[in-house]
Amino acid sequence: MIKIRELEKWFGNLHVLKGINLDVNPREVVVIIGASGSGKSTLLRCINFLEKFQKGTVEIDGKVIEKNNEKMINEMRIHVGMVFQHFNLFPHMTVLQNVIEGPTQVKGIPKKDAIKMGRYYLEKVGLLEKENSYPSMLSGGQKQRVAIARALAMEPSVILFDEPTSALDPELVGEVLSVIKDLAKEGMTMVVVTHEMGFAREVADRVIYMDDGIIVEEGCPNKIFDEPKMQRTQDFLSQIW
Amino acid sequence: MYYDFSAIVKYFPFFLPAAWMTIQVTVVGILLGVVLGLLTSFSRISENSLFNIPAKIYIYIIRGTPLLLQLLFIYFGLRSVFGFKAFTSATLGLGIHNGAYIAEIFRGAIQSIAVGQMEAARSLGMTYYKAMRRIILPQAFKRAIPPLGNQFIIALKDSSLASAITINELLLKSQQLASSNYRMMEMLTIAAMFYLFYTSIFTWLFNKIETKLAVSGSR
Ligand SMILES: Nc1ncnc2c1ncn2[C@@H]1O[C@H](COP(=O)(O)OP(=O)(O)OP(=O)(O)O)[C@@H](O)[C@H]1O
Ligand SMILES: [Mg+2]
């Protein structure tokens with residue numbers, strides 16, 4: 001589904017990603033953990049080309065994405081959803097308009113069908129009754145659930161989550177995590193960057209530990225959390241627990 | 001010399017054609033300014049230097065020289081070339097002048113929209129232009145309303161400078177009448193009343209638009 005090979009990224013002189021190799025298989029949930037500044041967000045943003053990188057390749061659904069091919073990138077993004085730390089809902093649109101914007105404007109789905117679909121996904125995140133509200137009237141947790149519904153409404157083959165709960169008050173984290181857990185159960189393919197270790201352990205099929213632009217260690221949650229092999233992983237985990 | 005209130009009543013009707021002229025010059029100038037401003041702001045934020053460099057030069061020249069000079073330049077300079085009438089020169093001058101300021105207002109508003117908005121739109125697969133049109137511009141327009149209202153009021157008052165190129169608007173009219181009736185203060189008062197009337201209407205109108213937009217979707 002996603003194949004990343006020898007990915008390298010610089011911000012000016014700053015070498016942020018130093019040769020990343022990563023595969024994400026269908027129906028798999030990959031969780032990326034690591035210290036602040038280790039390059040987790042940058043890696044996620046390179047997958048859907050919000051960030052351009054200097055070396056390496058990203059292959060999605062069997063196609064190597066060409067970085068100067070805008071058309072190809074836009075086409076790829078239909079299949080790769082993204083949920084942001086700060087939600088990034090469109091404030092001038094209602095909840096339902098937010099959710100159907102992509103399907104109608106990008107996929108050309110007739111409005112009537114898109115509304116039906118939009119309501120289905122809003123129901124799924126438990127916010128159907130808010131369809132006519134504007135984002136400013138929602139709590140952080142509700143905003144993030146709308147953002148998830150917006151991503152789902154594109155019916156992507158994979159969704160990228162960049163710290164979906166980091167901007168939330170502690171009491172609102174649970175409702176968002178439970179939506180993501182439900183998606184995991186249904187077999188949605190996902191790549192999740194998070195600092196919620198309990199959640200990572202519960203939802204991940206595979207955990208990736210990143211430090212300083214490289215993947216230090218990866219494996220199933222029990223392996224990474226209970227018996228990490230690398231010293232750096234051990235240090236990181238002992239600091240945050 | 002005493003202040004004669006009856007002169008205000010007496011000469012008030014004589015100002016009506018001038019008041020009409022002021023509003024014509026202002027409105028045509030503003031409309032032209034908005035169109036120029038929009039085009040210029042898009043050119044200015046374009047990454048293509050074929051667009052952004054001319055936009056920068058235009059803004060640089062207009063903001064760096066007085067409006068009065070610009071009006072005289074167009075009136076005396078271009079009249080001989082294109083045969084412009086005074087009215088054309090005045091509206092063109094005001095339009096070009098305001099276009100530069102309005103371009104900066106739009107640019108500021110567009111750039112004040114959080115980058116996350118563009119990223120969210122692009123991550124749905126939208127093209128840059130579609131994201132601009134559907135997501136960025138509607139929000140930017142809303143933010144541009146207060147500074148635009150301000151600019152419109154400035155444009156209204158600036159229209160008085162068109163008196164220097166023979167446009168018979170409020171200020172020129174007050175000077176003409178005062179030179180024959182020697183009631184300078186009273187004639188200026190009448191002109192001031194019209195300006196205040198117009199600015200009040202502009203202010204009211206913009207407040208109305210602002211509240212209306214605030215109701216439909218927030219932030
Ligand atoms: N647009 C940018 N320009 C320059 N440097 C950047 C930019 N974005 C990120 N960086 C730098 O790249 C490095 C990796 O950043 P990144 O955001 O990927 O880290 P992260 O692992 O997501 O951290 P966090 O947990 O704090 O979100 C950091 O040193 C950061 O300062
Ligand atoms: Mg990050």
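In what follows, every heavy atom counts, from backbone to side chain, and hydrogens, waters and symmetry copies are set aside. Values in this document were obtained by computation on a predicted structure and should not be read as measured data. The sequence lines fix the lettering, A, B, ..., with proteins before strands; numbering per chain opens at 1.
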- Item | Which of Asn48(A), Val80(A), Leu50(A) touches chain B most, by non-hydrogen pairs under 4.5 Å | Leu50(A)

- Message: Just checking Lys181(A): does its NZ atom have more than 12 heavy atoms from other residues, nucleotides or ligands closer to it than 6.0 angstrom?
- Response: yes

- Query: What is the distance from atom OG1 of Thr127(B) to atom CD of Glu70(A), rounded to the nearest 0.5 Å?
  - Reply: 9.0 Å

- Around atom CH2 of Trp20(B), are there more than 12 heavy atoms of other residues, nucleotides or ligands at under 6.0 Å? no

- Item | Closest non-hydrogen atom pair, Phe90(A) against Ala120(B) | CE2-CB, 3.9 Å

- Query: Should we count OH of Tyr129(B) as having more than 12 external heavy atoms under 6.0 Å?
  - Reply: no

- Answer yes or no: does atom OH of Tyr58(B) have more than 12 heavy-atom neighbours from other residues, nucleotides or ligands under 6.0 Å? yes

- Message: Return the CG to CD distance between Asp162(A) and Glu119(B), rounded to the nearest 0.5 Å.
- Response: 10.0 Å

- Query: Is the count of non-hydrogen atoms from other residues, nucleotides or ligands lying under 6.0 Å from Glu123(A) atom CD greater than 12?
  - Reply: no

- Message: I need the residue from Met82(A), Lys71(A), Gln105(A), Arg150(A) with the largest number of non-hydrogen atom pairs under 4.5 Å to chain B.
- Response: Gln105(A)

- Around atom NZ of Lys63(A), are there more than 12 heavy atoms of other residues, nucleotides or ligands at under 6.0 Å? no

- Item | chain B contact via Ile73(A) - which portion, at a heavy-atom distance below 4.5 Å | neither

- Note on the structure: To the nearest 0.5 Å, atom CD of Gln139(B) lies from atom CE of Met93(A) at 8.0 Å

- Query: Do other residues, nucleotides or ligands put more than 12 heavy atoms under 6.0 Å from the CZ atom of Phe206(B)?
  - Reply: yes

- Message: For a quick test of reading the model, state the closest non-hydrogen atom pair linking Met126(B) to Asn74(A) and the distance between them.
- Response: O-OD1, 3.6 Å

- Query: In Å and rounded to the nearest 0.5 Å, what is the CG to NZ distance from Leu124(B) to Lys107(A)?
  - Reply: 11.0 Å

- Message: Nearest 0.5 angstrom please: Ile135(B) CD1 to Asn88(A) CG, how far?
- Response: 11.0 Å

